[in-house]
Chemist: 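Starting off with a structure, shown below.
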2 protein chains.
Amino acid sequence: MRRGRHITLRDVAALAGVSSRTVSNVVNGYANVTEATRARVQRAVDELGYQPNVLARNLAQGRSGQIAVVVPYLDTPYFAELLQGIIRAARTRGYNVLIDQTDGDRAHERELITKRSHRLLFDGVIFSPLGLSQAALADRDPTLPLVILGERVSDGTFDHVGIDDVTASRQATEHLLDLGRTRVAAIGDQPYETGEAAQLRTQGFREAHRSRGLAVDERLIIRTPRFNRLDGATAMKHLLDLPEPPDAVFCYSDLVALGAIHTLIARGKRVPEDVAVIGYDNIEDGAYSNPTVTTISPDKEMIATTAVERLLLRIGSRTPPPGLELRAPHQLIVRESTAGRG
Amino acid sequence: MRRGRHITLRDVAALAGVSSRTVSNVVNGYANVTEATRARVQRAVDELGYQPNVLARNLAQGRSGQIAVVVPYLDTPYFAELLQGIIRAARTRGYNVLIDQTDGDRAHERELITKRSHRLLFDGVIFSPLGLSQAALADRDPTLPLVILGERVSDGTFDHVGIDDVTASRQATEHLLDLGRTRVAAIGDQPYETGEAAQLRTQGFREAHRSRGLAVDERLIIRTPRFNRLDGATAMKHLLDLPEPPDAVFCYSDLVALGAIHTLIARGKRVPEDVAVIGYDNIEDGAYSNPTVTTISPDKEMIATTAVERLLLRIGSRTPPPGLELRAPHQLIVRESTAGRG
DNA sequence: CGTGCTGTTTGCAGCGCTGCAAAACTGTGG
DNA sequence: CCACAGTTTTGCAGCGCTGCAAACAGCACG
């Protein structure tokens, strides 16, 4: 299988005239090696061009040096941008990232954290679940270090990193109300078990109305199966067909917003004059679209870094630390879809 | 539920009353196992909930069961969409995908295919290089199975999968000329070693003019460092500031096109009435933007599948197969940015 | 009843590394 | 010169699996 012999610890040891264990100590920078031996070994390492066999090391240590990141869809810009940060953060800490895309398949999501065999491929998982039920979470491998992104309140056995969805959504809605809009719609509600994120946003949407002393027109809260362009486009069509269509829309993702805007333009509506639109996630698309999209911008870099750090902490500790609720900051970015052209 | 200790082949062997080697044979579905033993072993496997240790298997076999995919940027929709296909294709063939993002760092790209230690983490690489020089390719680990995406003619030691960039670019340009446009610009040229893809597109651009008996105005060929929105936006500004601005633009990626359109709209130009725009890649954004973007659509699914298949073939064969040039089909998709609102 | 054949099962070594504990060295003080 | 503590180095076992070749069937045939 191997073409050409590899250079092993033993080869180096032979050349340096020490035991292979000592070479290992040098290579790994362990303490208690005299400068003399260290130098001698180092010279042998250089001369032979020795490079450690990661597989063997992993087997011996019972760890893999890899973490898995599980996302529903890779081509969703939000996940792609987040992933980018995670990969960067993991690499600087000596970890490789294994990407798993579930295609929103719940069975697959479940299997990933349940099956033991995977356990050896990665030391921990950062999970951005689409439809992970509480049950699946409950009967997961309890030794698997886990950090969850998006919305899913921690039960104390894992960390959860996200932004304050309720507050952010309230701010988004208030922004629309502050423009003087009176019929504000919401696109993206998911009133069932696996739609926690959506529900928190709906909650913020309601709170904004309440705080202004306004009633929510339930017909203006539209459910969507996911948060992509098509969902936004379809939902917007439905809204425009109402007897009293909205004059503003809070979309639960920027993709939804882009889809909604697409429909509005196609129907000859002006954005924001006829209908103001706000999104969520601050993906790059929204900064270049026509019109550009007002949005809630979560601090993705911070989410990524925090997730990786907490996970590695979990991996590193004998007794798992308590599961934390970690909040990254967010901010409202106002662009043309609510403010109009400059 | 056993905590701590894993269940090994030996445990199963003991329970089934056979040797561990036989259990291995059963688990791996090797031939020459009688139905009786197979059943007995299987029962033991099920009873104990045995799951093989991938690490150990890999070490013993000297392979990792993983392939690496190297892309410059994850948040470029084109790569994300491609990756999605690659991950899917690899998984169905029992391979995991390790993602490496180079951030366009050439040193990193180089190191990835040069360093031997990585060799053990993955059995092969699918590479979408940004700036991989011929030299770096030349002194790579010659035993590393390699498939390259994008533009980079094979030197016979690896496979190359892509579409026919010259033809596609010629078609794109001809489409603009067919609309009666007389001053067609090109955004994205990269006339230096690592810009092969760009150069092929420029070549197609020129061929289209030649085939129509038209001269190319060199001032209308704009260089950009990359192919993203910002590049497109900047280049378009430059073009609009020319004494005789173009009435059509061939952009070397959809992102560039979206950036260019952004600038056009901001400057009060109508698309396509004043300036027609065509992109390249057919990313989802272009189907929902305002206006929607005419584009060259490569068959991404086919590119992904082909790349994975060729790579696994390479990994599997003792004597490496000859490096092939593989062409996936493409097609022109006409949308609003050249055809106007239907 | 041995001989050869095919098909099935097994034992052993070893992939290349690290954990562990013992061994071999220091150097110090009595 | 010995006992003792501290530092450095070593040997060995073993992580859990598979490659290899040998051992052992079972069967047909002479």
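Just so it is clear, the structure is predicted and the values come from calculations on it, not from any experiment.
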Chemist: If you assign B:Ala60 and B:Val18 each to the DNA chain C nucleotide with the nearest heavy atom, which residue ends up on the more 5' nucleotide?
Modeler: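 Here B:Val18 is the residue nearer the 5' end.
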Chemist: Among D:dT18, C:dG16, D:dC17, which nucleotide sits nearest the side chain of B:Asn28?
Modeler: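 Selected nucleotide: D:dT18.
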Chemist: Side-chain N or O of A:Ser19 versus OP1/OP2 of D:dT9: is the shortest distance under 4.0 Å?
Modeler: no
Chemist: Report the nucleotide, chosen from D:dT8, D:dG16, D:dT9, that has the shortest atom-to-atom distance to any side-chain atom of A:Asn32.
Modeler: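 Closest of the options to the side chain of A:Asn32: D:dT8.
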Chemist: Quick one: do the A:Thr76 and A:Arg226 side chains pair a donor with an acceptor below 3.5 Å?
Modeler: no
Chemist: Expressed in angstrom and rounded to an integer, what is the separation of B:Arg63 atom CZ from C:dG16 atom P?
Modeler: 16 Å
Chemist: Please check if any side-chain donor atom of A:Gln66 sits under 3.5 Å from a side-chain acceptor atom of A:Asn96, or the reverse.
Modeler: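 Per modelled atom types, A:Gln66 and A:Asn96 side chains form no pair under 3.5 Å.
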Chemist: Round to the nearest Å and state the distance from B:Asn25 atom CG to D:dC24 atom C1'.
Modeler: 15 Å
Chemist: In whole angstroms, how far is the P atom of D:dG11 from the CZ atom of A:Arg10?
Modeler: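 Rounded to the whole Å, the gap is 12 Å.
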Chemist: Nearest to the side chain of A:Ala56, which nucleotide is it out of C:dG16, D:dT7, C:dG19?
Modeler: C:dG16
Chemist: Is there a donor in the side chain of A:Arg57 and an acceptor in the side chain of A:Asn53, or the other way round, less than 3.5 Å apart?
Modeler: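 Not at all, the side chains of A:Arg57 and A:Asn53 share no donor-acceptor pair under 3.5 Å.
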Chemist: Nearest 0.5 Å please: distance from the CZ atom of B:Phe122 over to the CG atom of B:Leu144.
Modeler: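 CG of B:Leu144 is found 6.0 Å from CZ of B:Phe122.
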Chemist: When all nucleic acid strands are considered with a 4.0 Å heavy-atom cut-off, which category describes B:Thr34: base, sugar-phosphate, or nothing?
Modeler: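 It contacts sugar-phosphate atoms only.
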Chemist: Would you please confirm or rule out a distance under 4.0 Å between OP1 or OP2 of C:dT10 and any side-chain N or O of B:Thr22?
Modeler: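 Yes.
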Chemist: A:Gln61 side chain: which of C:dC17, C:dG19, C:dG16 is closest?
Modeler: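 Of the options given, the side chain of A:Gln61 lies nearest C:dG19.
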Chemist: How close or far is atom C1' of D:dG16 from atom CD of B:Gln51, stated in whole angstroms?
Modeler: 14 Å
Chemist: Are any of A:Arg21's side-chain N or O atoms less than 4.0 Å away from OP1 or OP2 of D:dG11?
Modeler: no
Chemist: Check whether the side chains of A:Ser64 and A:Asn58 place a donor and an acceptor atom closer than 3.5 Å, and report yes or no.
Modeler: no
Chemist: Give a yes/no answer on whether the side chain of A:Arg57 brings an N or O atom under 4.0 Å of OP1 or OP2 in C:dT18.
Modeler: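 For C:dT18, OP1 or OP2 has a side-chain N or O of A:Arg57 closer than 4.0 Å.
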Chemist: Taking atom P of C:dT8 as reference, at what distance in whole Å does atom CD of B:Glu35 sit?
Modeler: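 Distance check: B:Glu35 CD to C:dT8 P gives 11 Å.
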Chemist: For B:Asn53, answer base if it contacts any base atom (sugar-phosphate contacts may also be present), sugar-phosphate if it contacts only those atoms, and nothing otherwise; contact means non-hydrogen atoms under 4.0 Å.
Modeler: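 Sugar-phosphate only.
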Chemist: Is A:Ser20 touching bases, backbone alone, or none of the nucleic acid, heavy atoms closer than 4.0 Å?
Modeler: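 Nothing, no heavy atom under 4.0 Å.
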Chemist: For the pair made of CG in A:Leu55 and P in D:dC15, what is the distance, rounded to whole Å?
Modeler: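 Distance, rounded to whole Å: 17 Å.
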Chemist: Between P on C:dC15 and CG on B:Asn58, what's the gap in Å once rounded to a whole number?
Modeler: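 Going from B:Asn58 (CG) to C:dC15 (P), I get 16 Å.
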Chemist: Specify the separation, in whole Å, of atom CG of A:Leu59 and atom P of C:dG14.
Modeler: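 Atom CG in A:Leu59 sits about 17 Å away from atom P in C:dG14.
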